[in-house]
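In this chain, residues are counted from 1 in sequence order. Being a predicted model, the structure only gives us computed values, none of them experimental.
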Amino acid sequence: MTTTPATRAPGALPQHLAETDSGSAHLKPRALILDLFGDYLRYAGGEAKAGDLVTLLGAFGVEPATVRMTLTRLRRERWFTTRREGREASYVLSAHMLGVLQTGRERIFAEYDEPWDQHWTTVVQQNAKPDRATRDQLRRQLSWLGFGSLTASTWMTPRDRSADVRDLAAEFSDVHFTVMRARTGGLEADRDVVERCWDLDRINQLYERFLADHAHLAGATLRGADALVARTTLIDGYRHFPFVDPWLPKDLRPAGWLGAEANHLFRTAHRELGPAATAYVSEVIGGPIDSPQQ
């Protein structure tokens, strides 16, 4: 169940970002709406008319009644406010959701091959009032930051996420965090940490599936709604990887690792499909979109 910003647990991630099943055959209307705002509509004033959203989601085969029902639910969850122009309602992205979308974009489009200083960020967390909801939200947040679970209470990442954890600690008042930056003493020990924290074989299989599903987009020349559908499907297929892949330094990746190849395909196809997809959305809404280039 998705909760509202006013009532959901501290640190909760929206359902469309927390989704980790890359095998979904159909894009859900709620995810589509937020993807459209994330990639296009927030760069066009952060709002869209309900009728325009019906047209845009119609390209994905979503019925008008389903679009309007989903918009109503998202408004009740306070992800949007509405304003009316005559009989037409416009959905305006909330400040909270604008921040969520920006954070998600920064994580998904971060450089895959960052330099490594051979140090690990280690988090030891103790929950004064353990409950399943808090535990699940904390796990999702730490996974989103690239941490793997060494034990039930100890999380590690080869990236410097100290500042991110301090921000996270402020959201979980019942959890005590100890954050350390340290070295293991050698590459063999580093690789042992990797094997204990992540199931790299499973992650690589997910990458293999992603590459098989989206390889046809490399160099593809699509226009109009076809470009929008292809680009959005690409994002839907890729966005779960920051939850499962720690984006390991090259020295810690196993032979045959496909993460960098999948990242390159994603970034390249997303960039190449951008102009045509953006032009189509701009045509539908009747206004310019100043989307960033990736």
Original post:
At what distance, to the nearest 0.5 angstrom, does CG of L74 lie from OG1 of T82?
Top reply: 12.5 Å
**OP:** Check F177 against V123 and note the closest heavy-atom contact, atom names and distance.
**Re:** CD2-CG1, 3.7 Å
Original post:
Apart from M180 itself, which Ile, Leu, Val, Met, Phe, Trp or Tyr residues share its cluster (side-chain heavy atoms under 4.5 Å, direct or through members)?
Top reply: V124
Original post:
Checking ring-ring contact (aromatic ring centres under 6.0 Å, His included) for the pair F109/F266: CA distance, chi angles, key distance, verdict?
Top reply: CA-CA 9 Å; F109 286 96; F266 168 70; 5.3 Å; yes
Original post:
Backbone N or O of T70 within a donor-acceptor pair of the R30 side chain at under 3.5 Å?
Top reply: no
Original post:
With distance as the sole test, does S282 use its side chain to make a donor-acceptor pair with the main-chain N or O of T278 at under 3.5 Å?
Top reply: no
Subject >> Ion pair check, R239 and D236, cut-off under 4.0 Å >> reply: yes
Subject >> Reference residue V179; test side chain to side chain contact (heavy atoms under 4.5 Å, CB included); the match among V165, T122, D164 >> reply: V165
Original post:
Looking only at heavy atoms, which two atoms of L150 and M156 are closest? And how far apart?
Top reply: CD2-SD, 3.6 Å
Original post:
Going by heavy atoms in the side chains, are L93 and L41 under 4.5 Å from each other?
Top reply: no
Original post:
According to the interplanar angle, ranging from 0 to 90°, do the rings of Y91 and F80 count as parallel (below 30°), tilted (30 to 60°) or perpendicular (above 60°)?
Top reply: perpendicular
Original post:
Ignoring hydrogens and geometry, is there a side-chain-to-backbone donor-acceptor pair from R84 to R87 under 3.5 Å?
Top reply: yes
Original post:
Under 6.0 Å from the CZ atom of R181, do we count more than 12 heavy atoms belonging to anything else shown?
Top reply: yes
**OP:** Consider only side-chain N and O atoms of D190 and W120, and report whether a donor and an acceptor are under 3.5 Å apart.
**Re:** yes
Original post:
Short question: side chain of R231, backbone of D39 - any donor-acceptor pair under 3.5 Å?
Top reply: no
**OP:** Output yes when R209 and D213 qualify as a salt bridge under the 4.0 Å nitrogen-oxygen rule, no when they do not.
**Re:** no
Subject >> Exceeds 12 heavy-atom contacts within 6.0 angstrom, atom CD of E188 >> reply: no
Subject >> Polar side-chain atom of R78 near backbone of H96 as donor-acceptor pair, under 3.5 Å >> reply: no
Original post:
With a 4.5 Å heavy-atom cut-off, do H270 and R267 have their side chains touching?
Top reply: no
Original post:
Mind checking what makes side chain to side chain donor-acceptor pair (under 3.5 Å) contact with D199, not counting sequence neighbours?
Top reply: none
Original post:
With D52, which residues qualify under side-chain contact (heavy atoms from CB on, under 4.5 Å), at least two apart?
Top reply: K49, V284, I285
**OP:** Taking atom CD of E63 as the centre, report whether more than 12 heavy atoms of other residues, nucleotides or ligands fall under 6.0 Å from it.
**Re:** no
Original post:
Between the side chain of T157 and the main-chain N/O of F147, is any donor-acceptor distance below 3.5 Å?
Top reply: no
Original post:
Sub-3.5 Å donor-acceptor pair from the side chain of D113 to the main-chain atoms of A260, do we have one?
Top reply: no
Original post:
Hey, does W144 have a side-chain heavy atom less than 4.5 Å from the side chain of T103?
Top reply: yes
Original post:
Taking the side chain as C-beta and beyond, is there a heavy-atom pair between L142 and L168 under 4.5 Å?
Top reply: yes
Original post:
Would you call R183 and D117 a salt bridge, using N to O less than 4.0 angstrom?
Top reply: no
Original post:
Are any of the side-chain heavy atoms of N263 and Y238 separated by less than 4.5 Å?
Top reply: yes
**OP:** Please assess L217 against T233 for the test side chain to side chain contact (heavy atoms under 4.5 Å, CB included), listing each intermediate value before the final yes or no.
**Re:** CA-CA 11 Å; L217 294 179; T233 303; over 6 Å; no
Subject >> Lys/Arg-Asp/Glu bridge criterion (N-O < 4.0 Å) met for D245, R253 >> reply: no
Subject >> Shortest non-hydrogen contact between A276 and A227, atoms and distance >> reply: CB-CB, 3.7 Å
**OP:** Could you check if a side-chain atom of E261 sits within less than 4.5 angstrom of a side-chain atom of H264, using non-hydrogen atoms only?
**Re:** no
Original post:
Do Q137 and F172 have side chains that get closer than 4.5 Å, going by heavy atoms?
Top reply: yes
Original post:
Is a side-chain N or O of R191 found less than 3.5 angstrom from the main chain of D251, in a donor-acceptor match?
Top reply: yes
**OP:** State, to 0.1 Å, how close L258 and Y207 come at their nearest heavy-atom pair, and which atoms those are.
**Re:** CB-CB, 3.8 Å
Original post:
Is there a side-chain contact between F60 and L228, using heavy atoms and a 4.5 Å cut-off?
Top reply: yes
**OP:** Determine, stepwise, if the pair Y280 / D226 fulfils side-chain hydrogen bond (donor to acceptor under 3.5 Å, both in side chains).
**Re:** CA-CA 9 Å; Y280 175 72; D226 290 340; over 6 Å; no
**OP:** Specify the closest pair of heavy atoms between A262 and L211, including all atoms of both residues, with the distance to one decimal.
**Re:** CA-CD2, 3.7 Å
Original post:
Is there a donor-acceptor pair under 3.5 Å between the side chain of R42 and the backbone N or O of G38?
Top reply: yes
Original post:
CD of E208: more than 12 outside heavy atoms within 6.0 angstrom?
Top reply: no
**OP:** Could you go through the side chain to side chain contact (heavy atoms under 4.5 Å, CB included) check for L248 and W257 one step at a time?
**Re:** CA-CA 10 Å; L248 296 171; W257 185 247; 5.8 Å; no
Subject >> R107 versus W247, closest heavy-atom pair with distance >> reply: O-CH2, 3.5 Å
Subject >> CZ-CD1 distance between R105 and I235, expressed to the nearest 0.5 angstrom >> reply: 7.5 Å
